[in-house]
Amino acid sequence: MNNKLSMQNEVFTVPSQLSGLNSATQWAVKREGNEVVKNVIVSNMHEQGRALITHTALENLGTLSTLEEHLTALAPSGAERYHQIVDAYAMGAIKKIMRW
């Protein structure tokens, strides 16, 4: 029994399960299957985008934190402001990731 899902010319098929159905029912099942596959692909793309935004935010936050430490060593009087700026970036990134 072959019940694998396959994509052929963007058509969802489950050959053994569809073969006994009339053509209108087969068409409806294939159409619904195409929608399911499309939704899975879109969901995956969404997650990949979220991961990319998170990765970029972490890299940027690491760079900004290093710069904060460096500037604090050079000009300690600005330490509180540097920290607030880096925290503001982090909060913005967190909000963007949560919205995504």
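Listed by first and then second residue, the salt bridge (charged side-chain N to carboxylate O under 4.0 Å, His left out) pairs that reach into residues 37-65 are Glu35-Lys38, sequence neighbours excluded.
Other residues, nucleotides and ligands place more than 12 heavy atoms under 6.0 Å from the NE2 atom of His46.
Atoms NE2 and OG, from His83 and Ser65 in turn, are 9.0 Å apart once rounded to the nearest 0.5 Å. Rounding to the nearest 0.5 Å gives a distance of 12.0 Å between CG of Leu61 and OG1 of Thr56. From Trp100, atom CH2 reaches atom CD1 of Ile53 across 4.5 Å, with rounding to the nearest 0.5 Å. Atom CG of Asn39 and atom CG of Asn44 lie 12.5 Å apart (nearest 0.5 Å). Distance check, rounded to the nearest 0.5 Å: CD of Gln84 to CD of Glu68 gives 10.0 Å. Of the inter-residue distances, the one linking Leu58 atom CG with Thr63 atom OG1 reads 10.5 Å to the nearest 0.5 angstrom.
Across every non-hydrogen atom of Leu21 and Val29, the tightest pair is CD1-CG2, 4.5 Å. Contact detail for Thr72 and Tyr82: the closest heavy-atom pair is OG1-CD1, 3.5 Å.
Residues forming a ring-ring contact (aromatic ring centres under 6.0 Å, His included) with Trp27 (at least two apart in sequence, or on another chain): none.
Met91 is not connected to Val86 by any chain of hydrophobic side-chain contacts under 4.5 Å among Ile, Leu, Val, Met, Phe, Trp and Tyr, and they are in different clusters.
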